[in-house]
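Lettering follows sequence order; numbering is per chain, from 1.
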There are 2 protein chains.
Amino acid sequence: MSPSYELIYWPGLPGRGEFVRLVLEEAGVDADNLGDASNPPPLAPPILRHGDLLISQTPNILLYLASRHNLAPAQGAGFFHLNGLALTALDGLSNEVHETHHPVSVSDYYENQKEESKRRAADYTKNRLPKFLGYFEKVLRGEKSGDGPWLYGGALTYVDLVLFQNIDGLKYAFPNTVGKLEASGEYDNVFKLYQAVKDRPRIKEYLASERRQKYSNGIYRHYPELDGE
Amino acid sequence: MSPSYELIYWPGLPGRGEFVRLVLEEAGVDADNLGDASNPPPLAPPILRHGDLLISQTPNILLYLASRHNLAPAQGAGFFHLNGLALTALDGLSNEVHETHHPVSVSDYYENQKEESKRRAADYTKNRLPKFLGYFEKVLRGEKSGDGPWLYGGALTYVDLVLFQNIDGLKYAFPNTVGKLEASGEYDNVFKLYQAVKDRPRIKEYLASERRQKYSNGIYRHYPELDGE
């Protein structure tokens, strides 16, 4: 019997909901109501509804699902280790990306903060992005990361899915910048992990399906003027 | 026997470490090494060291400590409920506050992004801050929040300490703005909670001690030009 989850999120864009969708897809969990935004959430989407339980905040939803579906230990050191990695990835490779096109007002249009966005994006692509990729490369090379391409313990966890979606979104948003970083060879393990997630049978099928939504006006946006040359 | 925790954080400012310190103080836990920054952390402080375990990311450290020291349920719906509230408070009332004085570059001086900071701070004080205070007011008024001044279940949890520190920092950073919001009466339960935490015996003693560090160049900074009139 499949648990009945409902993801409440804006329809028509991957956004923060995509981190949750990837976990559900990899876990092979029924998710009929993905993208349903009919029921306004308490503060902000994504919200996961599971029976009477409403769970808010992306890293919290991921923690809940992953520990129920074998994509993370349900307790102990590994639980906190992965939560730390997930928070770092979501902060540095997702939340900060949103700031590159909305540096002075979350609620105002990009066009009204374009100049500030150029400054923020230049700092992000030059300093912040290499810093965070370097951090995950270091984790992957570390002796505690186990064998294989994964970030923790030799088996796929939800944090690998998070990092995959980060890289995928960054490739879309900053193709020149990410292309150069990939070509540098300094982050080979990060890009190997990206490919290894992409090759997972369920993820591969999902990415090729219509369930996978196209990038649009969410976190990852492609504005050529914010990408390097 | 008191567990031996070590908090690795920048010395001389409250910052994100303060959320952790408040939990340790309320729990009455020995914390001799607070403020020790001698050991560079993997990516960014705060880091909690507990035996061989190194725990990163503020909300993750809080989750770990709170579930060990009776400031949160160790599992189940309450665990995730509180984690969601903590993430919301830390995002909206702490991370976004840092953005008000560093909207275009985390690594550059405030003085070099002062004009952009004015725009970001205006948006924050007018739109974002009332939105988040309104959310917590709603939670406090909600029937699920239990009796008394607390956010969850009728007893103090770590999320009350987080919200206390948020409000305390906001009062320092934006005295005019917060003064007006408090005087409006729309957020009475939030400010009652603030006072109730302040009156906790251990917190009261801590706040009056030299262990409590003064606000300085951390998350909460007082730049009069960023505060309303």
Side chain from CB out, backbone as N, CA, C, O: work out which of these in [X] comes under 4.5 Å of a heavy atom of chain B, or both, or neither.
X	value
A:Tyr124	neither
A:Leu85	neither
A:Leu53	side chain

With rounding to the nearest 0.5 Å, note down the distance linking [atom1] in [X] to [atom2] in [Y].
X	Y	atom1	atom2	value
A:Phe79	B:Ser67	CZ	OG	8.5 Å
B:Gln75	A:Gln75	CD	CD	7.0 Å
A:Phe80	B:His50	CZ	NE2	11.5 Å
B:Ser105	A:Asn127	OG	CG	6.5 Å
B:Ser107	A:Arg128	OG	CZ	7.0 Å

*Looking only at atom types and distance, does a side-chain atom of B:Asn60 sit under 3.5 Å from a main-chain N or O of A:Asn83, one as donor and one as acceptor?*
no
_Choice from B:Asp108, B:Thr100, B:Asn112 maximising heavy atom contacts with chain A below 4.5 Å_ = B:Asn112
_I want to check something: taking the side chain as every heavy atom from C-beta on, are A:Thr58 and B:Leu87 in contact at a cut-off of under 4.5 Å?_
no
_Taking atom CG as the centre, does B:Asp188 end up with more than 12 heavy-atom neighbours from other residues, nucleotides or ligands that are less than 6.0 angstrom away?_
yes
*Taking everything shown except A:Asn70 itself, do over 12 heavy atoms lie less than 6.0 Å from its CG?*
no
*Among B:Arg120, B:Arg119, B:Lys118, which residue meets the salt bridge (charged side-chain N to carboxylate O under 4.0 Å, His left out) test with A:Glu116?*
B:Arg119
*If you count heavy-atom pairs under 4.5 Å with chain B, which of A:Ile55, A:Thr88, A:Asp91 comes out on top?*
A:Thr88
*Taking all heavy atoms of B:Asp123 and all of A:Val106, pick out the closest pair and write down the distance.*
OD2-N, 3.6 Å
